[in-house]
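Got a structure for you, questions after.
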Amino acid sequence: MKKTKSLYIAPLQESAGSVVVALGIMELLVHQMERVAYFRPIIESNEKRDSDIELILGRYGLSMNYEACFGYTLQEAESMIAQGGLNVLLETLLERFGELEREYDFVLIQGLSVTSFSSSLDFNLNLAIAKNIGASVVSVLSGKHRNASEMFEMIRLESHVVATEGCTHFATFVNRLDVACDHELRDSIEGFSFPIFCLPEYPELDKPTMQEIATALNAKRLFGSDEDMNRLVSHLRIAAMRVEHFLEQLQDGDLIITPGDRSDILLGTLVSTYSTEHPNASGILVTGGFEPSDYISGMIQNLSGVPLPMLATSDDTIETATKVLAVQAKLNAKNSRKVALAIGHFENHVDSQLFMERIEVTESQSVTPMMFAYRLFERARASIKHIVLPESNDDRILRATEIVLRRGAVKITLLGEEREILHRSATLGIDLHDVTIVDWQRSALKEEFAIRFYELRKEKGLTLEKARDSMNHLSYFATMMVYCGYVDGMVSGAIHTTQETILPALQVIKTRPDVSLVSSVFFMCLDTKVLVYGDCAINPDPNATELAQIAIASADTAKTFGIEPKVAMLSYSTGTSGKGAEVEKVREATRLVKIARPDLKIDGPIQYDAAVDSVVAAQKLPDSQVAGEANVLIFPDLNTGNNTYKAVQRSSGAVAIGPILQGLNRPVNDLSRGCLVEDIVNTVVITAIQAQKENR
């Protein structure tokens, strides 16, 4: 069977949601192939940049410029067809497509909705293009406000049309289905020669953000950060009545539209946002060219922790509301939360394995940072584990929690007061409905944990009273949750120090029987490969025996995450060329690893360039199985390792994931206090994968 190298996404109705399908398919492709292209044969116009192209380029960083991603504008295409130039149009597009196909491993093509084209066209231009460039067709139907029998008939008809046009029908996506229709349709779509994937309606994806409204209305931003502008607007609320009556009608997600001189409405909305028992608006839009007075603005400016954006427009209230209602929700790369929702929705409802099997994809030997991150999620979803995040008072933790939950990779427990956590998440526009919250200060587990901690440490002089005091510390409580089996692992350190995270783990969870020390690795995600660096965070100056254990643990960690280890024991000399205590330490550590683990490919002492560069390796260690191909690099001390990982990270733009702790009986991992949301997400998923290994 010939391997599919291109797909043409053909939306058959307006607002069918083809961009969600394109995003989901691209998410699958870029994590299996090194070079993927995205192409739109026809875009709406050149008056502004195409939002779907901007989304895909921004999200995936494809090695394409904007102009290479499209062929013609709609006006240009229809003008050519009207003048008898259809063949010229198709030949030109085929030429453009051929260039992409030769340069890239796969080309994903997204057509315009058929409703965008002139009614004078008596054929489906998308199918004509797909047929002439030889791309298999992925059709997209809208199930909005349609029942199952109507959708079944639509699928049957579009299947006939695709076949009649002579196209290869790869799959059909039925998007935006009502829940009842979704279940009924799934039971009636057997017998087609192509798979049919059903995606139920996801209301949040159809809600505009404050930024989209601001852009569409050319509104002035008075208050609110860039992050705040990503809040979704669920309803419009025109505030023209007295404030007490207005507040009685306020709902979560409302956009408040009111004249700018209604200070009572503005302050009432802010008070409601502060209150833990009242709704949280998404934002305020003041009208009529009025802005809050300097005094009111000063009061708002001095408020802290209220992510409520406020916009201003010169239009009157009714005109403003009419314009807001016309704003269409879009996906864009800057709104990472909404993109995560869309990808999670796709992954939750589409059989990704079936889809990729139909492509018969040949997996690339290269591993990009995005491929590695995707494979982490896939591995975590294979056996979902439960991770506790004790630092729920950090917004980064809440944002990361939502992403992990949306991707269906890990179960999460947050420690804290439930009402405070849910209120804060609501003010941030975050949905945490699947999270478990434990109020550790009031939990009955505190006494159980104190007694068990006392039993573990009483021979070290710990009293029961001090054990109870320890359970007042978040890290100790969370660590005991791991030890007692209430959760499978812990991630902390966004607020607390490394010592506060690791010390309880060393005292309670302790090291595995075959390990005498805890060490760490970083996953260094370069452009086309992932290297494992150890130890760059824990052990200042390990001796030969300890260095050997670090190497073995790092090799096992690499294998856990799908990297076949080739271990390089780094030093300032290669082979037998160098002398000195440091070189001898590395040489002895290498010898000990070979005795303990003859199955491992390992070499040392070896310099970094000989370890990773095949040309240098051929000169210095021509007979080595590791030199030039090493992917697990063990540094002789913390000073060398820590400086090297930071130098590589900053100089090459590599993504550094870690430190990942190894050697503990159960997984506990430490975050940097300067970590990003993405760092937390990766560390949580890695911790879950470590828990899979520990539970085997």
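Fair warning: this is a prediction, and the values are worked out from it, not measured in the lab.
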- Message: Keeping Ser443 on the side-chain end and Trp440 on the backbone end, is there a donor-acceptor pair under 3.5 Å?
- Response: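 Judged by distance alone, no pair lies under 3.5 Å.
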- Item | Check: Lys411 and Lys385 side chains under 4.5 Å, non-hydrogen atoms | no
- Does Thr436 have any side-chain hydrogen bond (donor to acceptor under 3.5 Å, both in side chains) partners at least two apart in sequence or in another chain, and if so, which?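 Not a single residue meets the side-chain hydrogen bond (donor to acceptor under 3.5 Å, both in side chains) criterion with Thr436.
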- Message: Quick one, Tyr60 and Val36 - any side-chain contact, counting heavy atoms below 4.5 Å?
- Response: no
- Shortest non-hydrogen separation from Ala537 to Pro659 and the atoms involved: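 What the structure gives for the nearest pair is CB-CB, 3.7 Å.
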- Message: Using a 3.5 Å distance criterion without hydrogens, assess whether the side chain of Gln549 forms a donor-acceptor pair with backbone atoms of Ser516.
- Response: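 Yes, Gln549 side chain to Ser516 backbone: donor-acceptor pair under 3.5 Å.
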- Taking only residues two or more places apart in sequence, or in another chain, which ones meet Thr640 in a side-chain hydrogen bond (donor to acceptor under 3.5 Å, both in side chains)?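 Here the qualifying residues are Asp637.
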- With a 4.5 Å limit on heavy-atom distance, are the side chains of Leu29 and Met356 in contact? yes
- Message: Checking the side chain of Asn631 only, and the main-chain atoms of Glu564 only, is there a donor and an acceptor separated by less than 3.5 Å?
- Response: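 Such a contact is found between Asn631 side chain and Glu564 backbone.
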- Message: Ignoring hydrogens, what is the shortest heavy-atom contact between Leu570 and Ala611? Give both atom names and the distance.
- Response: CD2-CB, 4.1 Å
- Nearest-0.5 Å distance, CD1 of residue Ile412 to CG of residue Leu389: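 With rounding to 0.5 Å, CD1 (Ile412) is 4.5 Å from CG (Leu389).
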- Would you check if the side chain of Arg666 reaches a backbone N or O of Val482 as a donor-acceptor pair within less than 3.5 Å? yes
- Query: Mind checking what makes salt bridge (charged side-chain N to carboxylate O under 4.0 Å, His left out) contact with Asp599, not counting sequence neighbours?
  - Reply: Arg597
- Just grab all the salt bridge (Lys or Arg N to Asp or Glu O under 4.0 Å) pairs involving residues 448-457, residues at least two apart or on different chains. Glu455-Lys458
- May I ask you to test the Ile421-Leu398 pair for a side-chain heavy-atom distance under 4.5 Å?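 Ile421 reaches Leu398 side chain to side chain.
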- Separation between CD1 of Ile437 and CZ of Arg419, rounded to the nearest 0.5 Å: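 Answer for the CD1-CZ pair, Ile437 versus Arg419, is 12.5 Å.
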- Task: Without swapping roles, check the side chain of Asp556 against the backbone of Ala553 for a donor-acceptor pair under 3.5 Å.
- Result: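 Side chain of Asp556 to backbone of Ala553, a donor-acceptor pair under 3.5 Å: no, none is there.
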- What residues, two or more places apart in sequence or in another chain, satisfy ring-ring contact (aromatic ring centres under 6.0 Å, His included) together with Phe377? none
- Carboxylate-amine/guanidinium contact Glu588 Lys585, below 4.0 Å: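 Between Lys585 and Glu588 there is no salt bridge, as every charged N stays at least 4.0 Å from the carboxylate O atoms.
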- Task: Measure across Ile606 and Ala568 and return the closest heavy-atom pair with its distance rounded to 0.1 Å.
- Result: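 Smallest heavy-atom distance, with atoms named: CG2-CB, 3.7 Å.
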- Task: Compare all side-chain heavy atoms of Ile660 with those of Gln662 and state whether any distance is below 4.5 angstrom.
- Result: no
- Side chain proximity check, Gln441 to Lys446, heavy atoms < 4.5 angstrom: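 With C-beta onward as the side chain, the pair touches.
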- Query: Under the 3.5 angstrom rule, does the side chain of Arg381 hit a backbone N or O of Arg407 as a donor-acceptor pair?
  - Reply: yes
- Taking side-chain contact (heavy atoms from CB on, under 4.5 Å) as the test, write out the residues that go with Ala494, two or more places apart.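 Counting only residues at least two positions away or on another chain, Ala494 forms a side-chain contact (heavy atoms from CB on, under 4.5 Å) with Glu391, Asp394, Arg396, Ile397, Leu671, Cys675.
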- Kindly indicate, with the supporting measurements, whether the criterion side chain to side chain contact (heavy atoms under 4.5 Å, CB included) is fulfilled by Ile359 and Phe106. CA-CA 10 Å; Ile359 291 179; Phe106 199 97; 3.8 Å; yes
- With sequence neighbours excluded, residues passing salt bridge (charged side-chain N to carboxylate O under 4.0 Å, His left out) with Lys566: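 With neighbours one apart ignored, the set is Glu629.
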- Among all residues two or more places apart in sequence or in another chain, which pass the salt bridge (charged side-chain N to carboxylate O under 4.0 Å, His left out) test with Asp609?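 If we apply the salt bridge (charged side-chain N to carboxylate O under 4.0 Å, His left out) test to Asp609, skipping adjacent residues, the hits are Lys620.
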- Which pairs count as salt bridge (Lys or Arg N to Asp or Glu O under 4.0 Å) when at least one residue sits in residues 464-480, sequence neighbours excluded? Glu447-Arg468
- Query: Between Phe372 and Phe561, what is the ring plane arrangement, given parallel below 30°, perpendicular above 60°, and tilted in between?
  - Reply: tilted
- Query: Nearest heavy-atom pair of Ser519 and Ile550: which atoms, and what distance?
  - Reply: CB-CG1, 3.7 Å
- Main-chain N/O of Ser573 paired to Gln607 side chain as donor or acceptor, under 3.5 Å: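 Absent.
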- Item | Tyr608 and Phe635 aromatic ring geometry - parallel, tilted or perpendicular at 30°/60° bounds | parallel
- Could I get the full list of side-chain contact (heavy atoms from CB on, under 4.5 Å) partners for Ala654, not counting sequence neighbours? Met524, Leu526, Val648, Ser652
- Does the Asp105 side chain pair with the main chain of Arg35, one donor and one acceptor, at a distance under 3.5 Å? yes
- Using atom types as modelled and distance alone, determine if a side-chain donor or acceptor of Asn539 lies under 3.5 Å from a backbone N or O of Val518. yes
- Message: As an exercise, state the distance from CE of Met471 to CE of Met480, rounded to the nearest 0.5 Å.
- Response: 5.5 Å
- side-chain hydrogen bond (donor to acceptor under 3.5 Å, both in side chains) involving Glu459 - partner list, sequence neighbours excluded: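 With sequence neighbours excluded, Glu459 shows a side-chain hydrogen bond (donor to acceptor under 3.5 Å, both in side chains) to no residue whatsoever.
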- Task: Take Arg337 and Glu204 through the salt bridge (Lys or Arg N to Asp or Glu O under 4.0 Å) test and state the conclusion after the steps.
- Result: CA-CA 11 Å; Arg337 175 178 181 263; Glu204 287 190 74; 3.3 Å; yes
- Message: I'd like to check the salt bridge (charged side-chain N to carboxylate O under 4.0 Å, His left out) partners of Glu227; sequence neighbours left out, ordered by chain and number.
- Response: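 Glu227 satisfies salt bridge (charged side-chain N to carboxylate O under 4.0 Å, His left out) with Arg399 once adjacent residues are dropped.
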- Item | Pair Thr687, Asn669: side-chain N/O donor-acceptor within cut-off below 3.5 Å |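 Looking only at side-chain atoms, Asn669 and Thr687 do form a donor-acceptor pair, the distance falling under 3.5 Å.
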- Item | Side chains of His386 and Thr413 in contact at under 4.5 Å (non-hydrogen atoms) | yes
- Query: Of Phe522, Phe523, Tyr533, which meets ring-ring contact (aromatic ring centres under 6.0 Å, His included) against Tyr645?
  - Reply: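 Per the ring-ring contact (aromatic ring centres under 6.0 Å, His included) rule, the option paired with Tyr645 is Phe522, out of Phe522, Phe523, Tyr533.
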- Task: Output the distance between atom CG (Asp351) and atom CZ (Arg358), rounded to the nearest 0.5 Å.
- Result: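 Asp351 atom CG to Arg358 atom CZ measures 11.5 Å (nearest 0.5 Å).
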- Note on the structure: Ala340 and Ile403 have their tightest heavy-atom pair at CB-CG1, 4.4 Å
- So, does Arg59 use its side chain to make a donor-acceptor pair with the main chain of Leu23 at under 3.5 Å? no
- Message: Does any part of the side chain of Leu341, heavy atoms only, come nearer than 4.5 Å to the side chain of His345, both counted from C-beta?
- Response: no
- Message: Quick check: closest heavy atoms across Arg379 and Gln692, and the distance to 0.1 Å?
- Response: O-NE2, 2.9 Å
